[in-house]
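Below, each value reflects all heavy atoms present in this structure, side chains not excepted, and no hydrogens, waters or symmetry copies. Numbers restart at 1 for each chain; the letters A, B, ... are given by sequence-line order, proteins then strands.
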Amino acid sequence: MSEKLLQINNLKTYFFTDEGVVRAIDDVSFSLKRGETLGIVGESGSGKSQTALSIMQLLENPGKIAGGEIIFEGKNLLNKTKKEMRKIRGNEIAMIFQEPMTSLNPVYTIGNQIMENIKLHQKLNKKEAREKTIEMLKLVNIPAPEKRIDEYPHQMSGGMRQRVMIAMALSCNPKLLICDEPTTALDVTIQAQILTLINQLKSKINTSIIMITHDLGVVSQVSENVLVMYAGKAMEYGKVKNIFKSPLHPYTEALIRSIPTIGNKQRRLSVIKGMVPNLKNRPEGCLFAPRCEYAKDICKKSMPEIVDIKGQKVRCWKYCAKWQEVE
Amino acid sequence: MGVEYVKSKEDAIFKVRNLKQWFNTDKKDENGNKLYVKAVDGVTFDVRYGETLGIVGESGCGKSTLGRTALRLIEPTEGEIIFQGKNLMSLSKNEMRSIRKELQIMFQDPYASLNPRMTIGDIIAEPMDIQKVGDRKYRLKRTIELMKLCGLDPSYIRRYPHEFSGGQRQRIGIARAMALNPKLLVCDEPVSALDVSIQSQVLNLLMDLQEEFRLSLLFISHDLSVVNHISNRVMVMYLGKTMEFAEKEEIFNRPLHPYTRALLNAIPSIDGDINLQSDQLLQGDIPSPINPPKGCVFHTRCPYCQERCKSEKPEYREILPDHNIACHYGEKFI
Amino acid sequence: ACGNNDENNTAKETSNQEASNQEPKEGKKIFKYGNDLGALTGLDVHLFTTSEVFEVSEQTHEALIGVRTGTYELYPLLITEMPKVSEDGLTYSFELKKGIKFHDGSELTSHDVKYTLERIFTPSVGNVNTWICDMIKGSKEMLEGEATELSGFKLIDDYKFEISLYEPYAPFEAVMATTQMVIFPEEAESYGKDWGLKTYIGTGPLKLKEFQPKVKVMLERFDDYHGEVAKLDELHFLNMEANTALLEFEKGNIHLARVQESLVDQYKDDEKLKDKLREQNLIGIIALTLNHEKPPLDDVRVRKAVSLAVDRKSLAENYLKGNVSPAKSMLPPGVLGYDPDAPELEYNPEKAKELLAEAGYPDGVELTSVVSEKNKLVGVFTVLQAQLKEAGITLNIQQVDKPSYVDLRKRGEIQMPILTWYADYVDPDNFLYTFLYKENSVFFSSNYKNEEFNKLAEEGRRIANREEREELYKKLDYKVVHEDLPHSPLYTPKAFYMEADNVDGLEMQNFTFRFYNTDLK
Amino acid sequence: MKRYILKRLIQAFIVLIGVTLVTFTLLNIIPGDPASMMLEKKADPATIERIRHELGLDRPLTIQYVDFVKNAVMGDFGTSYFEREEVIVMIKRAFLVTFKIGTYALGFAILFGISVGTIAAVYRGTIIDRLIMLITMVGISSPAFWVAIILQIIFGLKFDLLPISGIDAPGAFILPSIALGTRYAASIARLTRTSMLDAMTQDYVRTARSKGIHEFIVVMKHVFKNASVPIITFTGLTVKFILGGSMLTETVFSIPGLGKLMIDAIMTRDIPVIQGCVVYIAAVFVIINLLIDIFYGVLDPRVRTAKGA
Amino acid sequence: MGIKNLFKKRDLEIELETGEEIIYSSFYEDAVKRLKKNKFAMISMYVLIALVLMAIFAPLIAPYDPAEQDVYNIMQKPSSEHIFGTDEFGRDILSRIIYGARISLSVGIIAEAIAITIGVILGSIAGYFGGKADMIISRLIEIFASFPQILFALAIMFVLGPGIINLFIAIGFVGWTSVARVIRGQIMQLKEKEYVEASIASGGGGMRIIFKHLIPNCLSTIIVIVTLNIPADIMYEASLSFLGLGVQPPTASWGAMINAARAYIRANPHYSIFPGIAIMITVLAFNMLGDGLRDALDPKLKNQGGGN
Ligand SMILES: Nc1ncnc2c1ncn2[C@@H]1O[C@H](COP(=O)(O)OP(=O)(O)OP(=O)(O)O)[C@@H](O)[C@H]1O
Ligand SMILES: Nc1ncnc2c1ncn2[C@@H]1O[C@H](COP(=O)(O)OP(=O)(O)OP(=O)(O)O)[C@@H](O)[C@H]1O
Ligand SMILES: [Mg+2]
Ligand SMILES: [Mg+2]
Ligand code: NI
């Protein structure tokens, strides 16, 4: 079962705006085996959602995939026709969107929107589809699903909408599930239940999952591998355990440091100084250099290559041979 | 360390008494009576000067509705809201408008609350524009300041909401809410969409503001660790009702309500593997707020449920000084 | 070729036009006439004044006296001979022909005539044409509601009766020949509201078959007609707008369509259609009205200046493309008192300017004409506007909707309206008296109040002798056109229509068609 | 809902009173009266007075209006001054004609307008879009009689496919319906395109696509319903215009419909007919508006709850 | 030059401490910028400006006096002397079209501006405030849309007199109803959006929300309706002139020319075609400008390099 379901090679997604090219994703590669979960973490705006949308090929104008390959089950999705893509979407690859309010159509009941998916891909009749929908809603812990199924998105709380999105994505047992901040709006108990649900799905039907989240706790709960992104670049990629225990990249390190924990008595949280660079006029060299506490001249001059350290891939000068030389 | 907030009850900046928000539904019960979604059902609390009151609770328990109703963004079905001694319910629309300068809210859904046809510069400056603060130049300067404060690159000022990522949108919302230096800020899940680094920046920011302007916060969040970090007192809600309300330390160190206990158990963290299969996790479905269970609303999922809980509504009472709870058997955990 | 064409026509018609109404009947001669019947909602000639209503009654009904097409000669139609006039000129004795049948088979008697005349003056009927015959004795009393019987009508027996007048009235016979005076049967009363809608019985050569208000009127041959029986089996009046009618004509769906003056040219030049175009002189007059009470027109010199500034010849020949004849008299050719030898009216803008200066307007004057929206004369005014400018007269044109126009004109408030008049009966009285006698001049907005004129006009009604009358009307006309100028004649109109090749014997009497002798070959 | 409809019907009564009152007032502001129109050719003042009396026009204005309302409430709109026919009968007759043509025109306008507008929106910026927009623009800006006459000449005369005028012959409704519907079809097309474009960039459309739904369904189901509020409103207005009759089309095609009835009545100051038509049009409009308002709730649940509260 | 001024730079430039410069502009300023990039819209804009200039400088441009009749040259087909031919009075059609632009354009623009202003304001008030305001305005709309417009025009003419200003009133004060109805519906839908609540939370009043938040979001509908109404108004002007309101002969207007030409359409189609084309060009320009505006006002289309 170690066959690769998804392989992303040097993906580049750019936004060609009037003011210049925004390199939302710049040369990102990773792979995903069947039944495996990959966590993508990174600061806001680092290109996590765009990575997901690129896989689904649902990029909004003026976004375009400017290069790279997205190989799903051995075939490059970028070469598929629209019709073939439609067959894959919703059925084999499903996605949970980040914005639950605007991602649900305000003029249809949630039941209608979930059923649509089921009817399309599972060829069930109306009644069966409805039953299945209620079942799905129950699965994501929507109270009184028989009643709620006929409600409209605006009548639901933020978390409920999120759960509706999840139910929709899960309804067809996809081979690959992309979750863009699936539990952001959820409280811990529901979050726990959803994570359980996702884990079950994984073990039952061997679904692979891409879990995009800012919550490192969630990542550590569900995923095997994690990709840390920063300003459209992959900064670190490796096993969750390793990365969280011994982060190699200064950025990962800083991220982990800034998590508030209950035991933490410190009033001020530690922060990463500075700001995410503007993706249009990016600094030369390592993108994180301006905020990095270890940065040296070389970091500001050129972009480091990815180095592999015991299976943990990292893009940082610190781990290159040159680093020592400069020293 | 931190801010010294005024502990005296009398000196509260914002008092809410028996607030109710019932939404109409099209449905009727067997007897033909109209059914309501009792999103907020008789909530009482106050926010003291300079305090952060955290509100936690399961999704759909009415937190957002509480926040919006408390600011009269939706007319309450019932209840009293007193801000700095003024009863908001008795204010006219105009008076309400001017008082909103002091009362700000950040919305849970960052995207929907941003007008797609306004540049974010305009969005952030709007409250200042409405309340006629400064001239155009001043407002622009302040907007840029706010953007920086919230970790947004000022060069994005001419962009439109759809050009931002989820977290960036959230920060726009924060910047907007901060624009007027309000006295009371309702934060509806302000950091839930933020990545940790920004999250800590924002939390720090909120705390700085609080220190500087004696800002009072009503902090709605599902993230207990965040609430733990920022709040002075915490209110736990379930199905539109208050379950427990106490000082932060009390809640986190000595949770007395079974629901609070369950919540605390479910927090994931990056090192301590919590066991997702643990029986500490709440089981069962959340009851529908249209048809809340009789007796204690939590009894259907309560691991300690007794016969009495099923029929008798527990009184919301002060079980310990400054520690309120709605449970018949709260004493058990003292 | 003609025959072929005809067959094609008939076939097409039946399939296109009528298929939903009736089965195609072999050999039936159905004549189709497209005209604007937009407001045709009733046929009762007492209630309407429009020419479309008259045109239908012209075919279905008859007055006591007939008018010969073209010559306007009067002849006894329902009566045995022209009525005998008493010495004092007040009483006319009539005798009806025997055996004249109404469409329902009943016979025409004096009672029908009595009924018809009394109906005309019964206020509750609401006849709108009473003015034409209110010289009949007793009419005023009836209209005032003081009498229910017409005192001027004396029934002698079933066929003989007498009509007396308040005062002698020379053109009375002509009045009795108008369409407004056609004879209804007594039974009309019993039809109540259906009269003129579902039934409309007369003695004419064609009888009503079906009437769909605003859509069509279908007439069919009346076989028991007392004169020569009509040749057509049916005659259909179909409602269509002028342009549409011409398209339908071109397509061969209808046999007859009227052509507006402005459209005439297109057809005169059209190879295919030009020889189907017919032209007919009308007894009518188009004249400028010069309101005596609206300064500066109160000054006769100004009125003369206006008349001098109008180039009637250019108007008739250029803008109207020779489709009308320039007028030199208020009486059109064919009407008693028209002087064919009279000189053309002078066009002299320089002289007009002098006159204006003389009258105290060296810088010219400004005049305003009100035209109604339905009036096709805006173009004429536009031409006049340019012509008058040469003489330093500024003419403002103010268009209004028709009811406002009528209202303003009726109150004598328009400074310079255009008078359009088609004769009801061919007599100068129907012109000069009608426009200019006392209050009549207010109605037409000339506000002409001239004692001498009134006296002469009254006299003209009484004189029985034709030559004497002619002299008098020549004098009157001269007074109007050259001395006082309440009106200044512009031109006499013509009618134009398209007639299919296979139509034969179609006649036009003034502005109405007559289908008595019409045939389709 | 029942109460809402009831309330609206009561308000409808106010509208009818209002609109007839305004019409009545306007009629009395402007000159011209039916009596002189009847006697247009020639009349003396006495005759005019007599006719005015017959028509009841010599009564005080308030009494005239109150009488009208009284009778109208009883369903009696009086008799036409000119055509001596009951107004109700006239309106009914004209309505049947207008309705027949109107239904086809409306069908054409809606079907053509919405489908073409949608296509243009989907293919935004392409040749198809530009072509459609150009055609609709011509439709919008060409004078109404052009369309009518060109249709008559081409289809009636040159190709001899359809009748030129009338309403009886089979197929006679086709040309007038097209002539009548063209402008509205073009207008609806443009509005549809715009509204669709607005709705097409929403996030939920992306969600729908992510389910792998066919683009056609995405557009028709998810985009259209969200875009439909302005389209429905505008279509409702179109219904009113079309059912109110069009003077021009009716004249050109010799159709005795409501448009001509109304304009003829105005041009003769035939007050009962004018008032009858006005009441009819107001009633149509009120009903359409009620339907539209109810429809808003069906189309967009947020609007509905806003109403309920 | 004058055109440049229309887009006068209103950007506020702020020098930040760091020395970077930020050019700030609002939604509308931004839209104008994007509009300027749209080729089609700009061409339309120039066409419209040209038309307006043509109207203003008609006496300089027109080859003939528009009222001058030439009895010997009636209904001439287009020729080198009269490029568009002559009318039934021998007047030069081209000159009349040039002069006619004065009336027709001002009707199209001013009367429609009145209608739109009233319609948008009343429509949004009804839609936003709902309740009583909505009831009153909606009933007002029903009343205004149901009584015959012609009667209203006539009343205006007899109370206020003829004249072009009164013509604007007659067209504008009735034309607003359909705008109001459509806008009301859209506002009803838009006001439920959360960003409205956000503005309320900052103390935004009804009018502010309507003008700042709701109307920008229905601008595309408004634009379409405006462009639909312009040709209708231009033609309507002609029928009102017939009733005495507005301009009277010999003054030219496109609508009046087309109406007059109707009788001659068979033999002299050029008479109605040229003024018809003038209307079409105007409408086309308004539409393309409208489309451009629509796109410019939709930030989501911001970067699609509009207009090709
Ligand atoms: N339509 C657009 N035009 C220009 N830039 C865009 C557009 N959409 C997204 N971007 C930019 O692309 C970058 C990546 O965005 P993305 O949504 O992938 O971030 P993210 O990692 O998902 O962040 P978050 O955690 O906040 O959701 C951001 O900097 C954003 O500003
Ligand atoms: N407009 C509405 N009409 C009907 N029911 C509503 C409406 N808005 C909210 N509700 C219901 O009220 C309840 C409370 O919703 P609320 O948004 O306050 O929850 P919440 O505590 O904020 O949850 P979350 O953390 O998921 O955002 C939910 O059951 C929701 O379905
Ligand atoms: Mg994202
Ligand atoms: Mg919420
Ligand atoms: Ni979270």
For residues [X] and [Y], report the shortest heavy-atom separation together with the two atoms involved.
X: N226(D); Y: Q189(E); value: O-NE2, 3.4 Å
X: L228(E); Y: R183(D); value: O-NH2, 3.2 Å
X: G276(E); Y: W146(D); value: CA-CH2, 3.6 Å
X: I225(E); Y: L191(D); value: CG1-CD1, 4.3 Å
X: I140(D); Y: T227(E); value: CG2-O, 4.4 Å
X: D198(D); Y: N217(E); value: OD2-O, 4.4 Å

Kindly compute the distance separating [atom1] ([X]) from [atom2] ([Y]), expressed to the nearest 0.5 Å.
X: S138(E); Y: N289(D); atom1: OG; atom2: CG; value: 7.0 Å
X: M288(E); Y: M137(D); atom1: CE; atom2: CE; value: 6.5 Å
X: I30(D); Y: M157(E); atom1: CD1; atom2: CE; value: 10.0 Å
X: I141(E); Y: F285(D); atom1: CD1; atom2: CZ; value: 7.0 Å
X: S141(D); Y: I230(E); atom1: OG; atom2: CD1; value: 11.0 Å
X: I258(E); Y: S142(D); atom1: CD1; atom2: OG; value: 9.5 Å

When you measure from the centre of the six-membered ring of Y296(D), is the NZ or CZ of R184(E) under 6.0 Å away and within 45° of the axis?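 Geometry flag: not set, cation outside 6.0 Å or 45°.
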Which atoms of [X] approach chain D - backbone, side chain, both or neither, heavy atom under 4.5 Å:
X: I150(E); result: side chain
X: L140(E); result: neither
X: F158(E); result: side chain
X: T177(E); result: neither
X: M280(E); result: both

Please look at [X] and chain E and tell me whether the side chain, the backbone, both or neither of the residue comes under 4.5 angstrom of a heavy atom of that chain.
X: I266(D); value: side chain
X: L134(D); value: side chain
X: V15(D); value: both
X: I232(D); value: neither
X: I274(D); value: side chain
X: F145(D); value: side chain
X: V138(D); value: both

Out of I14(D), I281(D), L21(D), which one racks up the most heavy-atom pairs below 4.5 Å with chain E?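 Among I14(D), I281(D), L21(D), the one with the most close pairs to chain E is I281(D).
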Pick from V286(D), L299(D), I29(D): which one has the most heavy-atom pairs with chain E under 4.5 Å?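 Of V286(D), L299(D), I29(D), V286(D) has the most heavy-atom pairs under 4.5 Å with chain E.
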Largest heavy-atom contact set with chain D, pairs under 4.5 Å, which of [options]:
options: N259(E), T282(E), V182(E), I234(E); result: V182(E)
options: Q186(E), M135(E), R262(E); result: R262(E)
options: G130(E), G185(E), S272(E); result: S272(E)

Please determine which of I156(E), V159(E), L151(E) meets the side chain to side chain contact (heavy atoms under 4.5 Å, CB included) test together with L26(D).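 Result: among I156(E), V159(E), L151(E), L151(E) is the only option passing the side chain to side chain contact (heavy atoms under 4.5 Å, CB included) with L26(D).
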Mind checking whether P148(E) and V278(D) have side chains closer than 4.5 Å, heavy atoms only?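 Counting from C-beta outward, P148(E) and V278(D) do come under 4.5 Å.
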Side chain proximity check, T194(D) to I223(E), heavy atoms < 4.5 angstrom: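 In short, these two side chains do not touch, never coming nearer than 4.5 Å.
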Would you confirm whether K240(D), through its side chain, and S146(E), through its main-chain N or O, come within 3.5 Å as a donor-acceptor pair?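 Checked: no pair found.
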Looking at D291(E) and R124(D), does any basic side-chain N land under 4.0 Å from a carboxylate oxygen?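 Here D291(E) does not pair with R124(D) in a salt bridge, since their nearest N and O are not under 4.0 Å apart.
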